[in-house]
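Shown next, in structure tokens, is the structure this report addresses.
For ligands, and for the atoms within them, numbers begin at 1 and follow the listed sequence. What you see is a predicted model; the values in this text were computed from it and never measured.
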Amino acid sequence: MQKVIILDFGSQTTQLIGRRVRELGTFCEIVPWNKFPAGDPDIIGVILSGSPLSVYAEDAFHPSLDGIVGRYPVLGICYGAQLLSYLYGGRIEPVGTREYGRANLTLLEPSDPLLKGIDEGSQVWMSHGDSITAIPEGFRTIASTGTVANAAFSLPQKKVWGVQFHPEVAHSVQGTLLLENFVEGICGSRREWSAGSFVDQTVRELKEELGDDKVILGLSGGVDSSVAAVLLNRAIGSNLTCIFVNHGLLRKNEYEDVLRDYQCLGLNVIGVDAGKEFLSELEGVSEPERKRKIIGAKFVEVFNSEASKIEGASWLAQGTIYPDRIESCNITGKVIKSHHNVGGLPEEMKLKLCEPLKWLFKDEVRAVGESLGMPRHLVYRHPFPGPGLAIRILGDITPEKVRIAQEADDIFIRGLREWGLYDQVWQAGVILLPVRSVGVMGDERTYERTVALRAVTSSDAMTADWADLPTDFLRKVSNEIINKVKGVNRVCYDISSKPPATIEWE
Ligand code: XMP
């Protein structure tokens, strides 16, 4: 399949470039600036990302682009454009104060293929501390803005383009069109990438790779592991065994509901109800990291014990997705490998690892789920932390606190669905606070617990904003919780953004 390579120089928006290219129907891979996969026959073009560094910084990344420029079409974005300019003899200078925000393009070469269909005055988003004050000899400036003389340039005979602005962000109003001009018009993408084509190709590859082997997969109830399971089920059917562990800290009725959903999907799934064991190990433990460790270790133990009953299994499948494993650069030039897996299971179990979603961004996982015919409520489920309510019950955990947290959470989440608000928030839940306060019910004085409602909007959980939910909705949820959940007499709404707060309270 055709692909575009995105060389990552450490910008916060590198993944966004990847998502935009995929949305345009072209597969792409993000690789560190010094790891260009030379020799890959499927490459049709290269994008150089932005960077927090200046090209003149001591530790700036200066890869040689021999073997890239002249061979593939290249688009440099921000630092990428400055790097192209720097390497070919242009001049880059600090602008004094960082240029950050909206600007409007003046088209100097409107017939340039990168600018096809872009309007005069089109709004773009700038974020840079250096500016290209002179482009290299032979290059042409194709667009400028009020303050940036060389906002876009090209060297058509070598198929090189550079833009000082960020076409990948939404504030660049025609940014997607510009990327489409590059990927389709210039690189010649045949738009081979789609959820449907991914399913067909992956099912074919899984059949080939796994043959008659047996595979075990740990289901969490979340989108990623569920989509991975349905995909594998399509490829190898009953040779896939899924294990779904109830650690007792799931949402109200979630264990039963999710298990039923999985069975309806035709999955071969074993449910392990170990809630009591988890709660007894957590008794008296208040420290958040210890709670996480206890749950993680117990999960491995319960999962291993169940998995060891499955004879002849040779693979462990996981719902790892692309953002979990993109190697990204940090600004000291070292490459950080961030790899996610379930508590060291593969090492202990001597199983080979199968990660069928490892190339997908989160929104693509959902599209694949839909293409596999999975029900909407499973595919568009909010993220839920692995340790579940354990990190939403602040302090120590008791069965009574779990009941309160589950009932209040159920009222909140059901309310979000009933009011049509569920899909507008990234994630929501109820936090049970370790405080009691005075209230009055009927003629009685009460001294009971407080819960906080948390609902955030986000696109990746790295940053998040509190959701501006309607007051009438909050009033109704608060009344219902106080009236129906025994032990709660006060409800608060968390209006903190991340950063500086986090989504979870522990
Ligand atoms: P924070 O609280 O760091 O959360 O803003 C970001 C995202 O991560 C989830 N989260 C976890 N997920 N195990 C998980 O599997 C954990 O220990 C954990 N802690 C936080 C959180 O729900 C949010 O989606």
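Closest to atom 16 (C) of ligand 1 among all protein heavy atoms lies Pro387 CD, 3.4 Å. Remark: minimum distance from atom 17 (O) of ligand 1 to any protein heavy atom is reached at Arg292 NE, 2.6 Å. When only non-hydrogen protein atoms are considered, atom 23 (C) of ligand 1 lies nearest to Gln427 OE1, 3.4 Å. For atom 10 (N) of ligand 1, the closest non-hydrogen atom of the protein is Pro385 CB, 3.9 Å. The protein heavy atom nearest to atom 22 (O) of ligand 1 is Glu504 OE2, 2.5 Å. Regarding atom 15 (O) of ligand 1, its nearest protein heavy-atom neighbour is Gly386 N, 2.9 Å.
Atoms of ligand 1 lying under 4.0 Å from at least one heavy atom of Ile391, given by number and element, are 19 (N). Of all atoms in ligand 1, listed by their number and element, those nearer than 4.0 Å to a heavy atom of Thr502 are 1 (P), 2 (O), 5 (O). Residue-ligand proximity, Lys498 to ligand 1, at heavy-atom distances under 4.0 Å covers atoms 1 (P), 3 (O), 5 (O), 6 (C).
Of the polar atoms of Ala461, none of the N or O atoms is found under 3.5 Å from an N or O of ligand 1, judged by distance alone. For the pair Phe384 and ligand 1, the shortest N or O to N or O distance does not fall below 3.5 Å.
Using a 3.5 Å distance cut-off with no hydrogens or angles, the side chains of Glu364 and Trp193 do pair a donor with an acceptor.
Atoms CG and CG, on Asn479 and Asn483 in that order, are 6.0 Å from each other to the nearest 0.5 Å. Residue Leu316 holds its CG atom at 9.0 Å from CD of Glu355, rounded to the nearest 0.5 Å. To the nearest 0.5 Å, atoms CG (Leu267) and CG (Asn233) are separated by 5.0 Å.
At most 12 heavy atoms of other shown residues, nucleotides or ligands fall within 6.0 angstrom of atom CZ in Arg290.
The only member of Ile5, Val4, Val21 that meets side chain to side chain contact (heavy atoms under 4.5 Å, CB included) when paired with Glu29 is Ile5.
For Gly319 against Asp224, the heavy-atom pair with the smallest separation is O-CB, 3.3 Å.
Taking a distance limit of 4.0 Å, we find that atom 1 (P) of ligand 1 is approached by some protein heavy atom.
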Residues Tyr255, Phe244; criterion ring-ring contact (aromatic ring centres under 6.0 Å, His included); working and verdict:
CA-CA 8 Å; Tyr255 177 62; Phe244 180 37; 5.5 Å; yes
